[in-house]
Amino acid sequence: FVVGEQSPPTVHGVDGVSGASKGSCPCSACTASISDVTAHGTSEIYVSTPYSIVEIDAASCANRVVTSIQVAFGFFKGITLDRNGALLVTADDCAGCANELGTNFGGVLRVDRSSGAQSIVFSGPPMISPDGLAVAPDGRIYVAAEVTGTGAIVYPSGVLRIDPENPGAAAFVAIGDDTADPIDRTDIVSATDVAIEDAAGPLYVLDTRYRGATLQDELRLLSVNLAGAPTSNQTLLSEDLEGVNQDRRGGWLLGIDISG
């Protein structure tokens, strides 16, 4: 499923092999643009918008608001499913969670698909601003996020691994060096989404690199060796991903996943 910027925002079904259209459903219950999409089976589509999570029936296109953002957080971003079928959502700007530099921390929330009940899986340092997320077969959660750094690396981007059974042991699996010149970097600059198929890895990261005021940010794909050190385990696989123009017109890729 892919999402479009029509009014209202629309979810399009696309055959993963042929690319043929499988129909589309408008999100009439969406009060803002769709941030991310996931599916439970072939009939239940779930989309995140900044202010709500909406279920869309793939057959009838009926919409149902599952839950709305609560006061503690500013807005929803990435969405996926855990191994038990519950929704996992990243949320930005946790009120009352300000760090030493005054920045509010984001979090990962678990949302019951039926009742909409929310519970916090993880929030606080070292994760500042989370984006896309993925769940490995062993249940551990990987989140692309702006994170707190150490020493000269103040606000790097990276990937955080969270064990939902022991969230206090969250740790970096990859982190970029924001002290280096972006022109020469082959590590993570600004991670926006992640994908993983095997618990042992590799982990794949969709990343952007700023190229100035007149050029569109460069989209890149990296792989992460989960057995390596977080600062030296990244391999740049592709730059200038297809669909990205060299100026500020044209397409923009936001998410990544692995078909299976």
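Values below: all heavy atoms of this structure, side chains included; hydrogens, waters and symmetry mates excluded. Please read all numbers here as calculations on a predicted model, not as lab measurements.
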query = Counting N and O atoms only, with roles assigned by atom type, does the side chain of Asp207 sit under 3.5 Å from a partner on the main chain of Leu221, one being a donor and the other an acceptor?
reply = no
remark   = In short, Gln118 meets Ser68 closest at the heavy-atom pair NE2-O, 2.8 Å
ask   = Considering only heavy atoms from C-beta outward, does the side chain of Cys27 approach that of Pro8 to under 4.5 Å?
value = no
Any Pro230 side-chain heavy atom under 4.5 Å of Val173 side chain = no
request  = Pick out which of Thr80, Val143, Ile79, Val111 makes a side chain to side chain contact (heavy atoms under 4.5 Å, CB included) with Leu88.
outcome  = Thr80
query = Okay, side chain of Asn84, backbone of Ala86: is any donor-acceptor separation there less than 3.5 Å?
reply = no
From Glu44 atom CD to Asp57 atom CG, the distance as rounded to the nearest 0.5 Å = 8.0 Å
key: Exam field: side chain Ser35 to backbone Gly78, donor-acceptor pair closer than 3.5 Å   = no
query = Does the pair Met127 and Thr90 meet the rule for a side chain to side chain contact (heavy atoms under 4.5 Å, CB included), with working shown?
reply = CA-CA 11 Å; Met127 180 170 61; Thr90 54; 5.9 Å; no
query = Please walk me through it: do Phe76 and Leu109 pass side chain to side chain contact (heavy atoms under 4.5 Å, CB included)?
reply = CA-CA 9 Å; Phe76 293 126; Leu109 309 178; 3.9 Å; yes
request  = Would you mind reporting whether Val89 and Asp36 have side-chain heavy atoms less than 4.5 Å apart?
outcome  = no
ask   = About how many Å separate CD1 of Ile141 and CZ of Arg83, when rounded to the nearest 0.5 Å?
value = 10.0 Å
request  = Hey, could you give me the OG/CD1 distance between Ser52 and Ile34, rounded to the nearest 0.5 Å?
outcome  = 9.5 Å
message = To check you understand the geometry: which heavy-atom pair defines the closest contact between Asp92 and Ser129, and what is its length?
response = OD2-OG, 3.1 Å
ask   = Quick check: does any side chain N or O of Arg220 sit under 3.5 Å from a backbone N or O of Asp187, one acting as donor and the other as acceptor?
value = yes
query = So do the side chains of Pro26 and Thr10 get within less than 4.5 Å of each other, counting heavy atoms only?
reply = yes
query = Which pair of non-hydrogen atoms, one from Ala32 and one from Pro50, has the smallest distance, and what is that distance?
reply = CB-CD, 3.8 Å
request  = Answer yes or no: is there a side-chain heavy-atom contact under 4.5 Å between Val194 and Tyr204?
outcome  = no
task = Answer with yes or no whether the side chains of Asp131 and Thr192 bring together a donor and an acceptor at under 3.5 Å.
result = no
inquiry  = Ignoring hydrogens, what is the shortest heavy-atom contact between Ala136 and Ala199? Give both atom names and the distance.
reply    = CB-CA, 4.3 Å
query = Can you find a pair of side-chain heavy atoms, one from Tyr142 and one from Leu226, that are under 4.5 Å apart?
reply = yes
query = Can you get from Val135 to Leu160 by hopping between Ile, Leu, Val, Met, Phe, Trp and Tyr side chains that sit under 4.5 Å apart?
reply = yes
key: Criterion side chain to side chain contact (heavy atoms under 4.5 Å, CB included) against Val54, the qualifying member of Val66, Thr67, Val47   = Val47
message = Under 4.5 Å between side-chain heavy atoms, counting indirect links through other Ile/Leu/Val/Met/Phe/Trp/Tyr residues: same cluster for Ile69 and Ile120 or not?
response = yes
Exam field: side chain Asn63 to backbone Ala29, donor-acceptor pair closer than 3.5 Å = yes
task = Would you mind reporting whether Arg161 and Leu203 have side-chain heavy atoms less than 4.5 Å apart?
result = no
remark   = CD1 (Ile56) and OG (Ser43) are apart, to the nearest 0.5 Å, by 12.5 Å
ask   = Judged by atom type as modelled, is there a donor-acceptor pair below 3.5 Å linking the side chain of Asn233 to the main-chain atoms of Asn225?
value = yes
remark   = For Pro156 and Gly176, the nearest pair of non-hydrogen atoms, with its separation, is CB-O, 3.3 Å
request  = Taking all heavy atoms of Pro130 and all of Ala145, pick out the closest pair and write down the distance.
outcome  = CA-CB, 3.7 Å
inquiry  = Looking at Arg113 and Gly85, would you say the former's side chain and the latter's main chain have a donor-acceptor pair under 3.5 Å?
reply    = yes
ask   = Okay, side chain of Gln234, backbone of Ile188: is any donor-acceptor separation there less than 3.5 Å?
value = yes
query = Could you state the interatomic distance from OG (Ser223) to CD1 (Ile196), rounded to the nearest 0.5 Å?
reply = 11.5 Å
ask   = Donor-acceptor pair, Glu55 side chain versus Ala62 backbone, under 3.5 Å?
value = no
inquiry  = I'd like to check Ser21 versus Val14 (side-chain heavy atoms, cut-off strictly below 4.5 Å). Are they in contact?
reply    = no
task = Check whether Leu236 and Val205 end up in the same hydrophobic cluster, where Ile, Leu, Val, Met, Phe, Trp and Tyr are linked by side-chain heavy atoms less than 4.5 Å apart.
result = yes
query = In terms of hydrophobic clustering (I, L, V, M, F, W, Y; side-chain heavy atoms under 4.5 Å; direct or indirect links), are Val224 and Phe172 co-clustered?
reply = no
